[in-house]
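The analysis underlying the following values was restricted to heavy atoms, covering all of them including side chains, and did not include hydrogens, waters or symmetry mates. Just follow the structure's listing: the first ligand is 1, and inside any ligand the first atom is 1.
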Amino acid sequence: MFLQLLLSSGLFMSELAIGTSFNSTQAPTGFPPCDALIQAGLGKSILLPTEPSYADRVDSYWSLNSRQHPFCIVQPRNAKEVATSMTALLGADKAGDWHIAIRSGGHNSGGANNIDNGVTIDLMHLDQATYDKETNLASVGPGAKWMDVYAKLAKHDVLVTGGRDGDVGVGGFLLGGGSTFFMGTEGFGCDAVKNYEIVLTNGTIVNANDKENSDLWLALKGGGSNFGIVTRYDMEALPNTKLSYKLRSINITHAVQIASNFVDFTDNYEKFTNDALVLYLTHNATIIKESMVGTIQVNTQGKINSTGFAKLDKIPDIKPAPYEHVTLAEAAAGSQVAGGVWMCEATLTFSNTKGLMKKAINMHEQYVKDLKKAIGEENFTTMFFFQPMPTMFGDISKKRGGNMIGFDLEEKNSVLWTAGVEIKTNQQDRIYAQSLMNKMAADLKSYSKSVGGATDLVYLNYADTTQDPLGSYGANNVNYLKRVAERYDPEELFQTRFPLGFKISSVDS
Ligand SMILES: Cc1cc2nc3c(=O)[nH]c(=O)nc-3n(C[C@H](O)[C@H](O)[C@H](O)COP(=O)(O)OP(=O)(O)OC[C@H]3O[C@@H](n4cnc5c(N)ncnc54)[C@H](O)[C@@H]3O)c2cc1C
C-alpha cells in the first residue's frame with residue numbers, strides 16, 4: 001500500500017532517478033535530466049512526450065532523419081534560461097547513456113539537431129530580429145527562420161546576409177559559415193557577424209567580438225557547434241535593395257553547355273560581384289522522366305539582365321521565366337524546399353574546370369540509373385547543386401576579419417558540389433542511397449585528384465555525418481579550434497555531453 005502510494009505520487013521514481021528528494025511542485029518525470037530541469041525552475045519550459053505539442057515539435061524537424069524522440073524538450077525563453085538549462089543538465093546525474101542535443105531552425109538534414117537518448121535544447125523562442133541604426137547591427141536569434149528575419153528587418157529597410165531557403169534556421173547556418181546570394185561582395189554569412197552572445201559550459205553568458213574574447217569570435221566563424229550555445233548573432237546590416245531574381249528549368253540536353261557557362265562565370269566573378277548563380281541537376285520521375293537542369297540567377301542590386309548571365313540567358317528555358325524584382329524576404333518565403341522525407345547528402349569542392357563539371361554531370365546520371373534500379377524511380381528525387389567558389393570569396397572573408405573555413409588559403413577557383421537526395425520510402429533505402437552517394441563522392445574526389453583538380457574544402461553546412469569538414473580547414477585552423485575549445489570548455493563538456501554534429505576533438509591534428 002505504502003509502495004503504491006509512493007508510485008502514484010511519482011516520488012519513488014524521482015528518488016530512484018536522482019537519488020535525492022524531489023522538492024519541485026511539478027511531478028517528476030523519471031528521467032534524471034528532465035527532473036534536473038524541473039528542479040532548476042524550468043518546468044514550464046519543458047515539453048514531455050505525453051503532451052500533444054511534443055509530437056508537433058518533433059514533426060516540425062525538416063528531415064525524417066531528425067524526427068527523434070528525446071526524454072523531454074526544453075524551450076528556454078532567453079539567454080539566462082539557456083544558461084540555467086546548461087547548468088542543470090550538466091549538473092544532473094550523468095550515469096547511464098544519455099546526451100544533450102541543440103536545435104535552432106531544425107534544418108540540418110543528418111539528424112545532428114535531436115536525440116532519442118537524452119534531452120534536446122530547442123531555441124525556438126530565441127527568434128528575435130532587431131536593428132540598431134546607431135551601430136548598423138541587426139541582432140538575430142538562433143531559433144529564427146531566415147524568412148522571418150528578413151521580414152522583420154525589412155521594416156527597418158535593412159537586410160542581413162543569411163540563407164536563401166526561407167525555412168532554414170539562423171543558428172546552424174551561421175555556425176557552419178553560410179553560403180548566400182551576397183558572397184561576391186560580403187563573403188560568407190558568418191563574415192558579417194560582429195558579435196556572438198554565447199552560453200559556455202560553466203553557465204556564464206559571454207560576448208565574443210574583435211575586442212572581447214576575440215579568439216572565440218574567430219573560432220565561431222565557421223567553427224561549428226564546438227564552444228557553447230550561441231544565443232544571439234549581431235550582424236552588420238545592408239540596405240534592403242530589391243533583388244533581380246529568376247528561377248529557370250532547362251532541358252538536360254543543355255547540361256554541358258550550361259556547365260561551361262558556369263565555369264566562365266566563376267572565372268570572371270570579379271566583373272559581376274553582385275551576381276549570384278546556383279546551378280542544379282534534378283531528377284524527379286513523378287514530374288518528368290528525364291533529369292532537368294535548374295538555375296537560380298540573382299543580381300543583389302536589382303539589375304535586370306546583368307551581363308554576367310548574358311551567355312546563360314541565350315540557352316532556352318523549358319518554360320520561359322522572366323527576371324522579377326523581389327525583396328530578399330519575398331525570395332526566401334517563396335523558396336522553401338518541402339521536408340518530411342529521408343535525406344542523403346554529401347559535399348566536396350573541386351577546381352573550376354569544364355572537364356570536372358562534365359564528369360560530375362555524368363556521375364549524376366549514373367547515380368540516378370543505379371538508384372532507379374535499386375529502389376524504383378518514383379521513390380526518390382535528386383538535387384545536385386553547383387555553386388561558384390572563386391578565390392575572391394576567401395579574400396573578402398580575410399578583409400572582414402577572417403574565418404575558420406580556410407578558403408582564403410585556396411589558390412584556385414573552385415566549384416562547391418553538393419549532392420542531395422530525398423528518399424520517399426524508408427530508412428533502409430536511405431542507407432542504400434547514402435552508400436551509393438558516398439561511393440560517388442569518393443570517385444569524384446579521386447578523379448579530381450587524378451586530373452590535378454582536387455581542392456580541400458568540405459563545406460560544413462552540406463556535409464554528411466561521415467565527412468570531415470573541420471579537418472578540411474587545414475592543420476593550423478584545426479589546431480586553433482582545438483586551443484579555443486580547450487580554453488572556453490576545459491573539461492570538454494561540450495565535446496562529450498553534446499556529441500552531435502562535427503566535433504573538433506574527433507579531428508586529427
Ligand atoms: C533546403 C535546404 C536549403 C539550405 N540552404 C542553404 C544555403 O543556402 N546556404 C547554406 O550555407 N546552407 C544551406 N543549408 C544548410 C543549412 O545551413 C544547415 O542545415 C544549417 O545547419 C541549418 O541551420 P538550422 O539553424 O536550421 O540548424 P539546426 O538543424 O537547428 O542545427 C544544425 C547544427 O548546429 C547546432 N546548433 C544549432 N544552433 C546552435 C546554437 N545556437 N549553438 C550551438 N550549436 C547550435 C545543432 O546542434 C546542429 O548540430 C540548407 C539546407 C537545406 C535542407
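- Tyr459 counts as a contact of ligand 1, since one of its heavy atoms falls under 4.0 Å from the ligand.
- The shortest N or O to N or O distance between Arg103 and ligand 1 is not below 3.5 Å.
- Judged by the 6.0 Å and 45° rule, Arg497 forms a cation-pi pair with Trp98.
- Within the 4.0 Å heavy-atom shell around ligand 1 one finds Gly178.
- Protein heavy atom at the shortest distance from atom 50 (C) of ligand 1 is Val168 CG2, 3.9 Å.
- Nearest protein neighbour of atom 13 (C) of ligand 1, counting heavy atoms only, is Tyr462 CE2, 3.5 Å.
- For atom 32 (C) of ligand 1, the candidate residues are Ile198, Thr120, Asn108, Leu460; the nearest heavy-atom contact is made by Asn108.
- Of all the heavy atoms of Ile102, the ones lying under 4.0 Å from any atom of ligand 1 are found in both the backbone and the side chain.
- When only interatomic distances are considered, the shortest N/O to N/O separation between Arg164 and ligand 1 falls below 3.5 Å.
- For Phe386 and Tyr280, the distance between ring centers is not under 6.0 angstrom.
- An N or O contact shorter than 3.5 Å links Val230 to ligand 1 by distance.
- Counting heavy atoms under 4.0 Å from ligand 1, residue Leu123 touches it through the side chain alone.
- Between Gly228 and ligand 1 there is a heavy-atom distance shorter than 4.0 Å.
- Ligand 1 lies out of reach of Gly176, whose nearest heavy atom is not under 4.0 Å from it.
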Evaluation steps, ring pair (Phe, Tyr, Trp, His ring centres under 6.0 Å), between Tyr269 and Phe393: CA-CA 10 Å; Tyr269 215 117; Phe393 290 178; 5.2 Å; yes

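- Ring centroid separation for the pair Tyr367 and Phe384 comes in under the 6.0 Å cut-off.
- The heavy atom nearest to atom 28 (P) of ligand 1, out of those in Gly162, Gly106, Gly143, Gly169, is found in Gly106.
- The neighbour count for Gln427 CD, taken as heavy atoms of other residues, nucleotides or ligands under 6.0 Å away, is above 12.
- Within a 6.0 Å sphere centred on NZ of Lys94, heavy atoms belonging to other residues, nucleotides or ligands number 12 at most.
- Between His107, Arg232, Met124, Lys145, it is His107 that holds the heavy atom closest to atom 52 (C) of ligand 1.
- With a 6.0 Å radius and a threshold of 12 heavy atoms from other residues, nucleotides or ligands, Glu491 has its CD atom at or below the threshold.
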